[in-house]
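On a predicted model such as this, the values are computed, not experimentally measured, just so you know. Numbers for residues simply follow the sequence, beginning at 1.
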Amino acid sequence: MVWGRGAIIKIELKKSVALVVFAAVLLGKGRELFCGYLAAVVHELAHLAMSLHLGFRAEGITLGVGGVNLKLKSTSGIKKSIMVLAAGPMMSFFMFGVLFCLRKINVLSMPLIEFASLCIGIANLIPAMPLDGGAMLRAILISRRGIINGAKIMKKISGFFYALLGAVCVIMHGAGLLNFFLVMFEVFLIYSSFSQRRQELSEKKQVFSGETVLSTKIRYITVESECPLLDVASHISSSYFLVAAVFERGRFVGEVTQKQIVESIKNKGAYCMVKEIIK
């Protein structure tokens, strides 16, 4: 356990790490794995430092198959969220640059950590969840398209990169060049694709329970009176308060606020029509 601004941060060690360590030692990759985890710790500490600097609270740090992961409580404000997410790759590249310069002037030589930092920095720029690049893109999509639509788009983008990396693994295996850490990275992404579903359900629950923190910004959308409320609700975002302007055959018939949308979905079901609220 470690402390962060009056809150205890839980440090969790996944059982799967033991399997990864065993496989790495068996294949003679123990030193590389240790250096990789060390570089990942520095990467995540940069996230933690930036989050504490901006006033966000961390819930826990997990050591798992794909490395070290910092879990933050939901943050409001896309700019600050991106600053927290970008801190990790920036620190990885900075660490690589420092170690590279020290090695060139014969002061300190740590090539494994240097290479691991570079790989972690590059990998986290890939726009796929749960990597930093994917999290930044997801935050932008949610702020523009709402939690439900944004999550759907991000899921498709992530799936594309999962498949692309899987194809690379198959090609490298055919050429006899398959790398242990590339396979571990692919396994981590596939596992994350399953856990991503649980995160999406949690976010939807926050929206419909009223737990989502809203800003003073208002997003207006136009819909037809026969539009299902679930389609309207897909535009709900944690950064905006939604107001739907409702039309019937080209004639404006009224507005539906986000509060009305959520209450109607709870009371009448997900597929009730906007027209029912207007009447």
Indicate, with yes or no, if Ile105 and Val98 share a hydrophobic cluster defined by side-chain heavy-atom contacts under 4.5 Å among Ile, Leu, Val, Met, Phe, Trp and Tyr.
yes
Straight-line distance of Ile126 CD1 to Asp132 CG, nearest 0.5 Å:
11.0 Å
Minimum heavy-atom separation for Lys259 to Phe241, with atom names?
N-CZ, 4.3 Å
Linking I/L/V/M/F/W/Y whenever their side-chain heavy atoms sit closer than 4.5 Å, directly or via other members, would Leu38 and Phe93 fall into one cluster?
no
Is there any side-chain hydrogen bond (donor to acceptor under 3.5 Å, both in side chains) pair reaching into residues 220-232, and which pairs are they, with sequence neighbours excluded?
Ser225-Glu248
Nearest heavy-atom neighbours spanning Pro89 and Ala86:
CD-O, 3.3 Å
Residue set satisfying side-chain contact (heavy atoms from CB on, under 4.5 Å) with Cys119, at least two apart, ordered chain then number -> Phe115
The criterion is side-chain contact (heavy atoms from CB on, under 4.5 Å); which residues satisfy it with Leu108, sequence neighbours excluded?
Leu99, Leu102, Met110
Is there a side-chain contact between Val274 and Leu229, using heavy atoms and a 4.5 Å cut-off?
yes
Please report the closest heavy-atom contact between Leu131 and Ala123, naming both atoms and the distance.
CD1-O, 3.3 Å
Suppose the criterion is side-chain hydrogen bond (donor to acceptor under 3.5 Å, both in side chains): which pairs have a residue in residues 112-131, not counting sequence neighbours?
Arg103-Glu114
State which residues pass side chain to side chain donor-acceptor pair (under 3.5 Å) with Ser92; sequence neighbours excluded, sorted by chain then number.
His43
Residues at least two apart in sequence or cross-chain that pass ring pair (Phe, Tyr, Trp, His ring centres under 6.0 Å) with Phe247, listed by chain then number, are Phe252
Give, for atom CD of Glu44 and atom CD1 of Ile120, the distance between the pair rounded to the nearest 0.5 Å.
9.0 Å
Taking Ser51 for the side chain and Leu48 for the main chain, is one N or O donor matched with an acceptor at less than 3.5 Å?
yes
Are side-chain heavy atoms of Met91 and Leu45 found at a separation under 4.5 Å?
no
Output yes when a side-chain donor or acceptor of Arg138 lies under 3.5 Å from a complementary backbone atom of Met129, and no otherwise.
no
Pairing residues for Met83 by the side-chain contact (heavy atoms from CB on, under 4.5 Å) criterion, not counting sequence neighbours:
Met50, Leu54
Scan residues 165-174 for pairs that pass salt bridge (Lys or Arg N to Asp or Glu O under 4.0 Å), counting only residues two or more places apart or in two chains.
none
Between Val232 and Val246, is the side chain to side chain contact (heavy atoms under 4.5 Å, CB included) condition met? List the steps.
CA-CA 10 Å; Val232 183; Val246 186; over 6 Å; no
Could you list the residues that satisfy side-chain contact (heavy atoms from CB on, under 4.5 Å) with Ile157, not counting sequence neighbours?
Leu137, Leu141, Ile153, Met154, Phe161
Could you pull out all residues at least two apart from Ser234 that satisfy side chain to side chain donor-acceptor pair (under 3.5 Å)?
Asn149
Would you say Ile236 and Val262 make side-chain contact, with heavy atoms under 4.5 Å?
yes
May I have all residue pairs that pass salt bridge (Lys or Arg N to Asp or Glu O under 4.0 Å) and include part of residues 83-96, sequence neighbours excluded?
none
Please say yes or no: joined through hydrophobic side-chain contacts below 4.5 Å, possibly via intermediate residues, are Met90 and Val42 part of one cluster?
no
Enter the distance from Ile122:CD1 to Phe96:CZ here, rounded to the nearest 0.5 Å.
8.0 Å
Heavy-atom pair of closest approach, residues Ala39 and Ala116:
CB-CB, 4.0 Å
List in chain and number order the residues that pass salt bridge (Lys or Arg N to Asp or Glu O under 4.0 Å) with Glu255, two or more places apart in sequence or in another chain; answer none if no residue qualifies.
none
Are Leu112 and Phe100 linked, directly or through intermediate hydrophobic residues, by side-chain heavy-atom contacts shorter than 4.5 Å (ILVMFWY only)?
no
